[in-house]
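So you know, we letter chains A, B, ... as the sequences are listed, proteins then strands, and number each from 1. Computed over heavy atoms, backbone and side chain alike; hydrogens, waters and symmetry mates excluded. Because the structure is a prediction, the values reported are computed rather than measured.
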Amino acid sequence: MIAALADRAYFVAAFLLLGVGAYMLIGDRNLVKKVIGMNVFQSGIFLFLVASAFVTGASAPLLTEPAPYVSPLPHVLILTAIVVGVSLTAVALGLIVRIYEEYGTLRADLVEEVGDGE
Amino acid sequence: MTPVEAVLLVFVLATAVATAVLRDVLAVIIAFAAYSLGIAVVWLLLRAPDVGLTEAAVGAGVTTLLFLLTIAKTVRPPSDELFVDVNLPALGVSGLLVAALATTLTALPEIGSSSTPVATSRVTNYYLDNAYAETGVENAVTAVLAGYRGFDTLGEAVVVFAALIGLLVVLDREVLA
């Protein structure tokens, strides 16, 4: 059991990061911290994919290095996902700035209260 | 699993937990920047230097800057306490998520094994065998990103463009007008 966990430590770490990210998304009232939670959740998924591409003793997928190589495909998917994640974060933070201008608070529960009152 | 990897994973998890439990938003952003930097080094250890560079520049750099700009434009709630109160329902839900994911753990291949589905995949081996001959690029990640999956990258550019337009609309700025 312990050996099985040690062989899959990166997967365990990825699952725990998903847990931390989900906790922040659901549990934290501050909107900025929710977005940070979303980023942590994303990087948990990235860790899962990049770890699944890893081969012990292999080189990075630079063809000038000696073979064998780790798989380049998950790396490409993650590169795209990182850039898309930043775009998502930028739009989310833009919306948060607007919410603050309208409601004067960054707390999700207070925003809902003000919204109900109108 | 080398000692360096173990220490780094503990660091990454500790900074992730710090972002969740610290109350002050500025402290959370700093913890998140440290987290990004830690995970950028994890990418290097997993032989993904391209991902590591992007993470260090974009994750630790641009994202941190965006968060700092946001709290500069809004508010950093004053706090006397160091940590947030634990939200038990949310902790339960995320605990269930981790437990559900953990049930798949023994079905996953060992990390680093050369017989994993990813390592033996036809697609992986096609890229590694033919990338240089077909594209003339020695970095297989670049060859796949800009060559084989070029439309994917075009879609990514469309997303960045749409995000920029969305941001200008949301913030009601007319910088281009």
What residues join A:L62 in its hydrophobic cluster, counting side-chain heavy atom gaps under 4.5 Å, either direct or through other members?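 Hydrophobic cluster check, A:L62: no partners found.
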
Any chance you could pull the hydrophobic cluster mates of B:V137, using side-chain heavy atoms under 4.5 angstrom and chaining through other members?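 Members besides B:V137: none; it forms no cluster.
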
Heavy-atom distances under 4.5 Å only: say whether [X] touches chain B with side chain, backbone, both or neither.
| X | result |
| --- | --- |
| A:A14 | neither |
| A:L47 | both |
| A:P74 | side chain |

Non-hydrogen side-chain atoms of A:F48 and B:L108 separated by less than 4.5 Å: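 Sidechains of B:L108 and A:F48: in contact.
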
Contact leader toward chain A among B:F67, B:Y148, B:Y35, where contacts are heavy-atom pairs under 4.5 Å: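 Of the options given, most contacts go to B:F67.
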
Mind ranking B:L105, B:V98, B:L145 by heavy-atom pairs under 4.5 Å with chain A and telling me who comes out on top?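 Result: the option with the highest number of such pairs is B:L105.
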
By side-chain hydrogen bond (donor to acceptor under 3.5 Å, both in side chains) - contacts of B:T19 (at least two apart):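 B:T19 satisfies side-chain hydrogen bond (donor to acceptor under 3.5 Å, both in side chains) with no residue once adjacent residues are dropped.
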
Quick check against the 3.5 Å criterion: does B:T15 have a side-chain atom that pairs as donor or acceptor with the backbone of B:F11?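 Yes, B:T15 side chain to B:F11 backbone: donor-acceptor pair under 3.5 Å.
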
How about residues 53-61 of chain B versus chain A: which residues have heavy atoms under 4.5 Å apart?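 The stretch touches chain A at B:T54, B:E55, B:V58.
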
I'd like to know which of A:D28, A:T89, A:N39 tops the heavy-atom pair count under 4.5 Å against chain B.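 Going by pairs under 4.5 Å, I would pick A:N39.
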
When A:Y10, A:F11, A:F46 are compared by non-hydrogen pairs under 4.5 Å with chain B, the top option: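 The candidate making the most pairs under 4.5 Å is A:Y10.
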
